[in-house]
Amino acid sequence: MVVLSSATSMRTKKTKAVGIPVVDLSLDRSTVSELIVKACEDYGFFKVINHGVPSDTISRLEDEGVRFFDKEAGDKQRAGPANPFGYGLKNIGLNGDKGELEYLLLHTNPFSIAERSKSISNNPQNFSCAANDYVESVRELASEILELMAEGLWFPDKSVFSRLITDTQSDSVLRFNHYPTVKNREPCSYKDDDHRIGFGEHSDPQILTILRSNDVAGLEICLHDGFWVPVPPDPTQFYVIIGDALQVLTNGRFTSVRHRALANSSSRNSRMSIMYFAAPPVNATIGPLHELVSPENPSLYKPFTWGDYKKAAYSLRLGDCRLDLFKLHPTNDQKFPLFS
Ligand SMILES: C=C1C[C@]23C[C@@]1(O)CC[C@H]2[C@@]12CC[C@H](O)[C@@](C)(C(=O)O1)[C@H]2[C@@H]3C(=O)O
Ligand SMILES: O=C(O)CCC(=O)C(=O)O
Ligand SMILES: [Fe+2]
């Protein structure tokens, strides 16, 4: 099943009908695992339906997010500045990237959530509880999807990916992005050609991302041929984004999709998205799995720890191709020198 959308090339501005894959998790396991592998190879992105996350778990966290972003600027600033965790306004990361948004970035460790919630909410216990329940539910969903991927790739060990994110030391992150409505004539912090950018083009560094938004559009993904495809918002379902670490683990068989969020200029309502970035522990080694390496498919990346990769990500700009730093067979057009 696919949802139809239209794609625009940055250069030609041509559009074409494009189907974003939809995976129904209630179908039989072997069909689901095949569909997921195909979506990961072709798009690095898909939508899941019948995902099993309770609607009440979603709405409780959504309400907490709305309550926070509705606060006075000064109150929100008590939870900032984002360094990288906390409340951020227009500044993304530590190297000068900007976008038309405000956000909250939290580590998913329950102690860290409990500490942060004191500056986020007037009822910190409610916030912590909603965030922990949500994290637990989407972690289960992410773990199920990773097991289905391993099955679809015919790996004997079906938890080869999932155990990286279910580890108690997992470095996973929860993010709320809020894109206020900007009128087209208002000055804009970040503009790329004709686009007012909410969150600029990038790939996610982690293993995978589970994204959900309210019913306001803005997210776009980039296809292998360079066309940008708007993703129709669907508040009841989740989108899955393949991250760089999964690209490496699968030796390039799955590709991390580049995506962006356009600033919210056409809608009367503001857009809010919530992302769970599923990551391994900081000291976990990420490298191509031996099942996907052969003389015909030599290893494309040198192994690194998740900690090394995060360090590289935070030393670069949002749109940089940080995976190039870890390629084993660099080409001349690469942007960065390799680490020695
Ligand atoms: C500019 C940056 C923001 C980011 C860290 C980075 O240096 C490059 C990767 C960015 C990203 C994209 C996905 C997630 O939103 C994020 C939390 C992550 O892990 O990597 C952000 C980082 C951030 O906003 O701190
Ligand atoms: O807000 C969105 O829809 C996407 C944001 C995103 O890609 C990110 O925070 O990494
Ligand atoms: Fe992202």
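Both counts, for ligands and for their atoms, begin at 1 and track the order of listing. All values below were derived from every heavy atom in this structure, side-chain atoms included, with hydrogens, water molecules and symmetry-related copies excluded. Remember, predicted model here, so these are calculated numbers, not experimental data.
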Heavy-atom contacts with [X] under 4.0 Å: which atoms of ligand 1 show up? List them by number with element.
X    : result
L316 : 7 (O)
A313 : 6 (C), 7 (O), 8 (C)
I92  : 1 (C), 3 (C), 24 (O)
D97  : 1 (C)
D204 : 13 (C)

Exercise for the section: Answer yes if the ring centres of F68 and Y87 are under 6.0 angstrom apart, and no otherwise. Expected result: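 Yes, they do, as the ring centres are separated by less than 6.0 Å.
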Exercise for the section: Return the set of protein N, O or S atoms whose distance to the Fe ion (ligand 3) is under 2.8 Å, each given as residue and atom. Expected result: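 Near the Fe ion (ligand 3), the protein supplies H202 NE2, D204 OD1, H259 NE2.
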Taking 4.0 angstrom as the limit, do [X] and [Y] come out as a salt bridge?
X    : Y    : value
K38  : D42  : yes
E64  : R67  : yes
R212 : D234 : no
R271 : E100 : no

Practice task
Using distance alone, with no hydrogens and no angle criterion, decide if T255 and Q247 have a side-chain donor and acceptor under 3.5 Å apart.
Solution key: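 No, because no side-chain N or O of T255 sits under 3.5 Å from a partner of the opposite role on Q247.
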Problem - Within reach of ligand 1, part of H202 (heavy-atom separation under 4.0 Å) - result: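 For H202, only side-chain atoms sit under 4.0 Å from ligand 1.
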Practice task
Non-hydrogen atoms closer than 4.0 Å to ligand 2: which protein residues do they belong to? List them by chain and number, please.
Solution key: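 Lining ligand 2 at under 4.0 Å, by heavy atoms, one finds R175, N177, Y179, F199, H202, D204, L211, L219, H259, R271, S273, M275, F277.
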Practice task
Any pair with a residue in residues 284-314 that passes ring-ring contact (aromatic ring centres under 6.0 Å, His included), sequence neighbours left out, goes on the list, sorted by first then second residue, please.
Solution key: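 Residue pairs with at least one partner in residues 284-314: F304-Y309, F304-F326, Y309-F326.
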Problem - Where at least one partner belongs to residues 146-173, residue pairs that pass ring-ring contact (aromatic ring centres under 6.0 Å, His included), sequence neighbours excluded - result: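 Of all non-adjacent pairs touching residues 146-173, those that pass ring-ring contact (aromatic ring centres under 6.0 Å, His included) are F155-F161.
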Min heavy-atom dist [X] to ligand 1 below 4.0 Å:
X    : value
L105 : yes
M275 : no
R322 : yes

Practice task
Verify the cluster assignment for Y103 and L94: are they in a single hydrophobic cluster under the rule of side-chain heavy atoms below 4.5 Å apart?
Solution key: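 Same cluster: Y103 reaches L94 through Ile, Leu, Val, Met, Phe, Trp or Tyr contacts under 4.5 Å.
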Exercise for the section: Using distance alone, decide if ligand 1 has a nitrogen or oxygen within less than 3.5 Å of any nitrogen or oxygen in R175. Expected result: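 Yes, R175 has an N/O under 3.5 Å of an N/O on ligand 1.
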Problem - Worked verdict on I241 versus F277 for side chain to side chain contact (heavy atoms under 4.5 Å, CB included) - result: CA-CA 9 Å; I241 301 177; F277 298 96; over 6 Å; no
